[in-house]
Structure formats: C-alpha cells, structure tokens
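Just so it is clear, the values below take in all heavy atoms, side chains as well, and ignore hydrogens, waters and symmetry mates. Convention: sequence-line order gives letters A, B, ...; per-chain numbering from 1. Since this is a predicted model, take the numbers as computed values, not measurements.
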Amino acid sequence: MASHVVLTSGAKLWRSLPCLTSELRLDLTLACGQSFRWRETAEGHWTGVMGGRVWTLTQTDDRLWYHVYTNQKKRRGRENRAEEQPEGVPNVEEEAPAVTDEQQSTMEAEMLREYFQLHVKMEDLCRHWGAADRHFKNTADVFTGVRMLRQDPTECLFSFICTSNNHISRIQGMVERLCQALGVPLCQLDQTPYHDFPTLSALADSSVEARLRDLGFGYRARYLQQSAKMILDTHGSQWIEGLRRVPYLEAREALRTLPGVGAKVADCVCLMSLDKPEAVPVDTHVWQIAKRDYKYAADNGQKSLTDKLYKDIGDFFRKLWGPYAGWGQSVLFCADLKKFQNLKEMGHVKQPKKEKETHKRCKKTKKDFDGNKIKTESEYRKKAKISVKKESTL
DNA sequence: CGTGGACCTGACCC
DNA sequence: CGGGTCAGGTCCA
C-alpha cells in the first residue's frame with residue numbers, strides 16, 4: 001500500500017522550487033485556519049489535497065519541496081461506490097494526456113506558485129507595514145512567512161460556511177467528513193483516504209442536509225445544501241469563480257445573498273479565494289486585536305459586532321495597511337491563535353528543548369496541538385499585557 | 001441602526 | 001463522569 005513520503009528517504013520522489021522561509025512558513029500558513037485540508041503527516045511534512053491532487057510539502061531554508069501522489073484509477077462500470085460518488089461528479093485526472101515528467105513537474109510547480117501566491121513579496125509588504133506600525137512589526141518579526149493562500153473558491157466558500165460559531169479543531173473534522181462523504185476519492189496513504197472537495201452538484205442534492213446532520217454539522221447542514229442549490233439554480237456552476245473578476249464589494253454582496261454567509265464568511269471567501277486582498281474578515285479575534293493592540297474605539301462599550309462596526313474596523317485596517325490589508329490581518333490573526341502562543345514566548349531566545357516538546361505534542365494529539373494553553377480571559381489579558389510590555393521595551 | 005437569543009456540536013475545563 | 005462555557009457567526013424578531 002502507498003504511504004506518505006518524507007524528504008529524507010527518497011530524494012528522487014521530490015521536486016522543489018526556490019522559496020525562502022521568510023516568504024513562506026508552511027506550518028503557520030497551512031495550520032492557521034485558512035484551509036482546513038492540510039495535516040502534518042511527518043515532522044515538517046504537510047499532506048493535503050489541492051487542485052484535485054494529493055500533495056506532501058516540506059521546506060528547507062531556501063526551497064519548497066513537493067511530491068504529488070498518483071491518483072488511484074477508477075475502474076469504470078464496476079464500482080460499487082454509488083454512495084460516495086454522486087452522479088455528475090467529474091473524475092479528476094481521468095485519461096490523463098501523455099505528458100513528459102518534465103512538463104508535469106513544470107505544471108505542478110506553477111500550481112504551487114499560484115496556490116501560495118509567491119509573486120506577492122511578503123517581505124516587502126511586512127517591511128512597509130512595520131515601518132508605520134510598531135505593533136505589526138513586533139508581531140511580524142516572529143510570525144514571518146504567514147501568507148494568504150489562493151484557494152479554490154468553492155472549497156473556500158463551503159468550508160467557511162462551516163466555521164460559524166465553531167472552533168478550528170472541530171471545523172477540520174467536519175471538512176474532512178464532508179469530503180469523505182461527498183467528494184471523489186483520490187488515493188489512500190497509510191490507511192488515510194484522501195478525497196477531493198465535493199462539487200456543487202454533490203452538495204446541492206436534497207439528501208445532503210440529513211446526511212450532514214448525521215455527520216455532526218448541526219444547523220450548518222442546511223446552509224451548505226441550500227447555498228449549493230441556490231448557486232446552481234440561480235447563477236450556474238461557474239458563478240463563484242466568476243466573482244474573481246468583479247470588484248470586491250460586488251463579490252462580497254453577491255456572496256452574502258447565500259444562506260449561512262454573513263459579512264465575515266463573505267470576506268474570508270473574498271480574501272482567500274477571490275483575489276480580493278483588501279478584504280478584512282473581522283471576527284472576535286480581529287475585534288480583540290483592534291481594541292487591545294490598536295486602541296480602537298477605546299471603551300466604546302460595544303456589545304456586538306454590528307454591520308457598521310464591522311465595516312469601520314475593516315476600513316481602519318485598510319487605511320492603516322492599504323490594498324493588501326487582508327494579508328496584514330492574517331499575520332496578526334495567526335499570532336493571536338492559542339496554538340501558536342509558544343512561538344511568541346520563545347522570542348529571540350533559542351530553546352531547543354522546548355521546541356522538541358512542542359513537536360512531540362503535535363504528534364501525540366495529532367488533531368489539536370495547542371502550545372501553551374490560555375485558560376481564562378483574565379490570563380489571556382495578562383499575557384497580552386506581558387507581550388505589550390515586552391514590545392515597549394524593545 | 002443596535003440588541004438579545006436561538007442555533008448544533010464537541011472540546012475543554014472544573 | 002456531569003455540567004458549564006465557548007468557539008474565526010448568522011439569522012431573526
């Protein structure tokens with residue numbers, strides 16, 4: 001049976017492209033809640049599905065290494081997988097045209113450059129933002145290499161419908177079950193099956209709501225099915241992709257007409273899949289960041305994130321950072337996640353022992369590796385103050 | 001325009 | 001083990 005590859009055993013299986021870790025950190029970028037499809041399958045090795053293929057990625061100081069697995073061939077006509085493969089689902093990579101390894105590799109490298117948007121120079125953006133924004137600089141100095149992915153719009157939309165009033169560890173499991181239940185199987189590696197993300201038609205089927213409720217999606221089950229159906233019925237299968245070519249606000253409002261898609265989810269989809277780098281998703285984290293680190297609306301005492309407040313906070317960051325404000329937001333968002341707090345405290349001091357412990361933990365818990373957990377709100381504030389103090393002394 | 005609740009579920013804490 | 005709280009929100013009154 002096929003298994004996950006690692007770089008140390010079999011360099012022949014790998015290809016690479018130039019990419020500095022200052023531009024891309026796989027661990028931060030793939031586990032900060034943009035995409036829910038990547039898992040650390042071996043230390044520093046991330047396996048997931050992108051563009052209908054299964055990849056393992058890893059990196060060295062100046063290169064990004066990748067391996068693409070061969071999809072299992074579907075035997076036509078004699079598969080009893082009717083349950084898993086709704087009709088009308090195209091079989092990815094079927095009858096692959098004859099291409100040389102070289103051509104194949106060139107194409108794969110190009111897919112990666114697009115997925116990670118390597119043409120955008122994060123280092124330049126961060127230097128620019130850091131010059132005018134002290135708090136950003138202090139955070140970005142530790143959280144370098146957090147990039148915005150350019151995800152498939154359908155996957156992004158339906159994944160983020162799952163995020164409402166939810167947490168990352170559960171969302172990951174839900175998205176995995178969603179793909180397993182409704183997506184085309186691609187291959188299996190060490191007992192782990194990999195599936196493509198479901199198509200719109202698979203999601204729109206009337207049986208989907210009940211099915212997903214059984215899989216623990218709660219009230220989101222209806223949103224997923226209804227949104228898919230609404231898109232197909234009133235706009236057509238290419239509609240979401242088409243939103244890449246319309247202005248930000250227009251795309252955002254279009255998305256908001258879908259059930260389960262509010263301001264936050266719409267902005268996530270705009271930023272992470274529709275080429276709208278100015279979109280700033282404002283969630284509880286970003287609201288906290290705005291108040292705590294930017295003294296935004298100091299003690300205005302707002303209870304909830306109203307539409308107006310949402311827009312004002314977004315405008316605030318857009319004014320501060322400019323047209324790529326969404327990319328800036330993602331750096332601070334990532335730095336605010338519980339699971340990455342340990343990175344901050346290590347700061348510039350080298351603590352190899354601690355790092356080892358963290359890695360162990362990642363493997364053991366495998367689903368949810370929290371670094372130093374913050375138990376209560378007050379403890380959270382304490383930490384925030386500490387980090388502010390550190391910053392002021394720098 | 002702003003507020004208060006309901007909403008599924010399970011991870012995490014005590 | 002049982003009970004509360006909370007999570008990258010959205011929708012409705």
Should Arg15(A) and Glu108(A) count as an ion pair when the cut-off is N to O under 4.0 Å? no
When we call it a touch if two heavy atoms are under 4.0 Å apart, what does Ala221(A) touch: a base, just sugar-phosphate, or nothing? nothing
For the pair Lys311(A) and Asp307(A), find out whether any cationic side-chain nitrogen is under 4.0 Å from an anionic carboxylate oxygen. no
Taking CG from Asp283(A) and P from dC6(C), how many angstroms apart are they, rounded to a whole number? 17 Å
Would you classify Leu258(A) as touching base, sugar-phosphate or nothing, given that sugar-phosphate means primed atoms plus P, OP1 and OP2, and contacts are heavy atoms under 4.0 Å? sugar-phosphate
Please figure out whether Tyr223(A) or Ile171(A) has its closest DNA chain C nucleotide nearer the 5' end. Ile171(A)
Quick one: label Arg220(A) by what it contacts on the DNA or RNA (base, sugar-phosphate, nothing), any heavy atom closer than 4.0 Å. base
Rounded P spacing from dG2(C) to dC8(B) in Å: 24 Å
Using the C1' atoms only, state how far dG8(C) lies from dG2(B), rounded to an integer number of Å. 23 Å
Gap between atoms CG and P, on Asp307(A) and dT3(B) respectively (whole Å): 12 Å
Value in whole Å for how far the P atom of dG2(B) lies from OH of Tyr310(A): 15 Å
Salt bridge present between Asp312(A) and Lys308(A) (N-O < 4.0 angstrom): yes
Closest to the side chain of Val265(A), out of dG9(C), dG8(C), dT3(B), is dG9(C)
In whole angstrom, what separates Phe36(A)'s CZ from dG8(C)'s P? 9 Å
Atom CD1 of Ile313(A) and atom P of dG9(C): how far apart are they, to the nearest Å? 13 Å
Could you work out which one of dC7(B), dT10(C), dA11(B) sits closest to the side chain of Tyr219(A)? dC7(B)
Take the protein atom CG of Leu178(A) and the nucleotide atom P of dT9(B), then report the distance between them rounded to whole Å. 16 Å
Answer yes or no for Lys291(A) and Trp287(A): cation-pi contact, defined as NZ/CZ to six-membered ring centre under 6.0 Å and angle to ring axis within 45°. yes
Decide, yes or no, whether a salt bridge links Lys137(A) with Asp141(A) under the criterion of side-chain N to carboxylate O below 4.0 Å. yes
What I want to check is whether an N or O donor and acceptor connect the side chain of Arg170(A) with the base of dC8(B) at under 3.5 Å. yes
In whole angstroms, the gap separating P of dC8(B) from CD of Glu209(A) amounts to 9 Å
Once you round it to whole Å, what is the distance between C1' of dC11(C) and CD1 of Ile161(A)? 14 Å
Please classify the nucleic acid contact of Gly216(A) as base, sugar-phosphate, or nothing, using heavy-atom distances under 4.0 Å. sugar-phosphate
With side chain to side chain donor-acceptor pair (under 3.5 Å) as the test, pick out the partner of Asp267(A) among Lys276(A), Gln329(A), Arg256(A), Arg252(A). Arg252(A)
Writing each nucleotide of DNA chain B 5' to 3' as (, ), [, ], | or . by Watson-Crick or G-U pairing under 3.5 Å yields ..|||||.||||||
Checking all strands, does Val282(A) fall into the base, sugar-phosphate, or nothing category for heavy-atom contacts under 4.0 angstrom? nothing
For Cys32(A), answer base if it contacts any base atom (sugar-phosphate contacts may also be present), sugar-phosphate if it contacts only those atoms, and nothing otherwise; contact means non-hydrogen atoms under 4.0 Å. base
Between Glu155(A) and Arg37(A), does at least one N-O distance fall below 4.0 Å, as a salt bridge requires? yes
Among dG2(B), dG10(B), dG8(C), find the nucleotide with the atom closest to the side chain of Thr306(A). dG2(B)
Of the nucleotides dG9(C), dG8(C), dC1(B), which has the atom closest to the Lys308(A) side chain? dC1(B)
Taking Arg211(A) first and then Asp214(A), would you say they form a salt bridge - that is, a charged N and a carboxylate O separated by under 4.0 Å? no
dC7(B), dT10(C), dA11(B): which one has an atom nearest the side-chain heavy atoms of Asn165(A)? dC7(B)
Quantified in whole Å, what is the C1' atom distance between nucleotide dC1(C) and nucleotide dG10(B)? 16 Å
Side chain of Ser304(A) (C-beta onward), nearest among dT10(C), dT3(B), dT9(B): dT3(B)
Which part of the nucleic acid, if any, lies within contact of Phe160(A), taking any heavy atom under 4.0 Å across all strands shown: a base, the sugar-phosphate backbone alone, or nothing? nothing
Taking Glu209(A) first and then Arg213(A), would you say they form a salt bridge - that is, a charged N and a carboxylate O separated by under 4.0 Å? yes
Just checking Pro259(A): base, sugar-phosphate only, or nothing, at a heavy-atom cut-off of under 4.0 Å? sugar-phosphate
